[in-house]
Amino acid sequence: MSDQNRIPQHVAIIMDGNGRWAELRGKERYEGHAAGIEPVRASLRAAVRNGVKYLTLYAFSTENWGRPQKEVDSLMELFCQSVISETPELVRQGVRVRMIGERSRFSEKVRSYLARAEEQTADGKVLTLILALNYSSRSEITRAVRKIAARAAAGGICLRSARIDPAAIDERTVSEALDTAEYPDPDLIVRTSGECRLSNFLLWQASYAELYFPEVLWPDFTEAEFDRALAEYARRDRRFGLVK
Ligand code: FPP
């Protein structure tokens, strides 16, 4: 049912268009990524103000390692610098930082900066900011399948349930083996820059998400743009495969 005041519990964003934004200004691509920090702050402010409880940002995909080394290095440096510089404000706003994706491929430095941000914001109760880093859905689902298979191969002894019988594997078993096990599915997925695809992002979790593709490039995304996404969401009629 459409309800003008309905607020999504979980918003996920594919922050796209940094490279095009930089090119349009005759700048280097990394400058586009650096200009993408202010929209992260703006989205957080708008999410907190509107009562959104979870905000997931697709910051680095497993495919992004294939970009030029200079761009990858500048992104790693940007992650480190911004988690350090933003942490006090995140704590002040009651934001808890978490991560999905495989950390093992990151350098020791990146891992320690991310771990520090998670520790220092662990008590945040207002909003959970989930950074998707070295993340892709297919990799996440593959790792989940491996976890479930390992539990079955181990003879049914596992931490979460006493016995794992293949016939008892259901959607909940899969959801609980994903990186997002602790979080609700996204209600709204936004991708900036006018591209209309999910690019390996939250494919399982997106089953009933509303999708919104504004034309704006990520560095130009503002609090007002976030509010517009929420207004568009409130107009949608979500039926989850049922009838009214
Ligand atoms: C996609 O635009 C954007 C990225 C691959 C990086 C996004 C990262 C940030 C905005 C930094 C966020 C930092 C934190 C700590 C959350 P693109 O380069 O693919 O743009 P294009 O399609 O125009 O080339």
Side-chain angles (χ1 to χ4, degrees), residues 11-48 52 54-91 93 95-101 103 105-107 109-118 120-121 124 127-137 139 189-202 213-222 225-226:
V11 176
I13 307 183
I14 303 174
M15 306 179 288
D16 197 12
N18 297 349
R20 275 163 283 169
W21 183 92
E23 268 166 40
L24 283 167
R25 288 160 180 77
K27 294 176 188 268
E28 300 275 350
R29 292 183 60 83
Y30 74 85
E31 296 179 85
H33 298 312
I37 297 298
E38 185 48 40
V40 170
R41 294 190 192 109
S43 299
L44 267 168
R45 284 194 301 270
V48 167
V52 171
Y54 298 86
L55 178 66
T56 298
L57 300 178
Y58 201 8
F60 195 84
S61 73
T62 53
E63 290 80 17
N64 287 155
W65 294 107
R67 293 191 173 201
Q69 194 57 44
K70 191 175 154 200
E71 183 175 346
V72 171
D73 290 345
S74 65
L75 274 168
M76 295 301 136
E77 195 50 38
L78 188 62
F79 297 146
C80 290
Q81 293 311 319
S82 35
V83 294
I84 291 299
S85 63
E86 302 301 318
T87 293
E89 178 59 15
L90 296 176
V91 170
Q93 292 189 75
V95 173
R96 171 176 75 141
V97 177
R98 305 302 297 273
M99 200 199 131
I100 54 172
R103 308 177 185 230
R105 193 162 169 189
F106 290 116
S107 69
K109 178 180 166 184
V110 175
R111 274 184 281 156
S112 71
Y113 277 53
L114 291 169
R116 214 184 310 165
E118 285 178 322
Q120 291 178 357
T121 62
L127 177 143
T128 300
L129 170 65
I130 303 159
L131 300 177
L133 289 165
N134 191 27
Y135 176 86
S136 81
S137 263
S139 144
I189 297 183
V190 177
R191 180 180 189 142
T192 56
S193 89
E195 306 284 3
C196 303
R197 55 180 175 266
L198 289 178
S199 298
N200 224 343
F201 184 52
L202 300 178
F213 302 110
E215 292 291 326
V216 60
L217 303 175
W218 178 248
D220 294 328
F221 195 79
T222 57
E225 296 283 351
F226 193 99

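All values reported here derive from a predicted model rather than from experimental measurement. Indexing begins at 1, ligand by ligand and atom by atom, following the structure's order.
Scanning the protein for heavy atoms near atom 3 (C) of ligand 1, the closest one is Met15 O, 3.1 Å. From the protein, the heavy atom lying nearest to atom 16 (C) of ligand 1 is Leu131 CD2, 3.7 Å. Ranking the protein heavy atoms by distance from atom 10 (C) of ligand 1 puts Asn18 ND2, 3.4 Å first. The nearest protein atom to atom 15 (C) of ligand 1, hydrogens excluded, is given as Ser82 OG, 3.6 Å; this is a heavy-atom distance. Atom 4 (C) of ligand 1 has its closest protein heavy atom at His33 CE1, 3.8 Å. The protein heavy-atom contact nearest to atom 14 (C) of ligand 1 is Phe79 CD2, 4.0 Å. Scanning the protein for heavy atoms near atom 13 (C) of ligand 1, the closest one is Ile37 CD1, 3.6 Å.
The side-chain heavy atoms of Leu114 and Val83, taken from C-beta on, include a pair separated by under 4.5 Å. Considering only heavy atoms from C-beta on, Ser43 comes within 4.5 Å of Trp218 through its side chain. Contact check for Thr121 versus Leu129: no side-chain heavy atoms found under the 4.5 Å cut-off. When side chains are defined from C-beta on, Val95 counts as touching Leu44, because their heavy atoms get closer than 4.5 Å. Between Val11 and Phe226, the closest side-chain pair of non-hydrogen atoms falls below 4.5 Å.
With no hydrogens or angles considered, no side-chain donor-acceptor pair links Arg116 and Thr87 at under 3.5 Å. Checking Ser193 against Glu195 by side-chain atom types alone, no donor-acceptor pair falls below 3.5 Å.
Residue Asp16 places at least one N or O, backbone or side chain, under 3.5 Å from an N or O of ligand 1.
Shown in contact with Gly19 at under 4.0 Å from a heavy atom are these atoms of ligand 1, numbered in order with element: 17 (P), 18 (O), 20 (O), 21 (P), 23 (O), 24 (O). Less than 4.0 angstrom separates some heavy atom of Trp218 from each of these atoms of ligand 1: 10 (C). Less than 4.0 angstrom separates some heavy atom of Asn64 from each of these atoms of ligand 1: 5 (C). For ligand 1 and Arg67, the ligand atoms under 4.0 Å from any heavy atom of the residue are 5 (C), 17 (P), 18 (O), 19 (O). Of all the atoms in ligand 1, the ones that sit under 4.0 Å from a non-hydrogen atom of Arg29 are 17 (P), 18 (O), 24 (O).
The shell of residues lying under 4.0 angstrom from ligand 1, judged by heavy atoms, excludes Val83.
Salt-bridge annotation for Lys70 and Glu28: present, with a side-chain N of the basic residue lying under 4.0 Å from a carboxylate O of the acidic one. With respect to Glu38 and Arg41, a salt bridge is recorded, a charged nitrogen being found less than 4.0 Å from a carboxylate O.
Comparing Ser193, Ala59, Gly17 against atom 8 (C) of ligand 1, the shortest heavy-atom distance belongs to Ala59.
Between Val97 and the choices Ile130, Leu131, Thr128, the side-chain contact (heavy atoms from CB on, under 4.5 Å) rule is met once, by Leu131.
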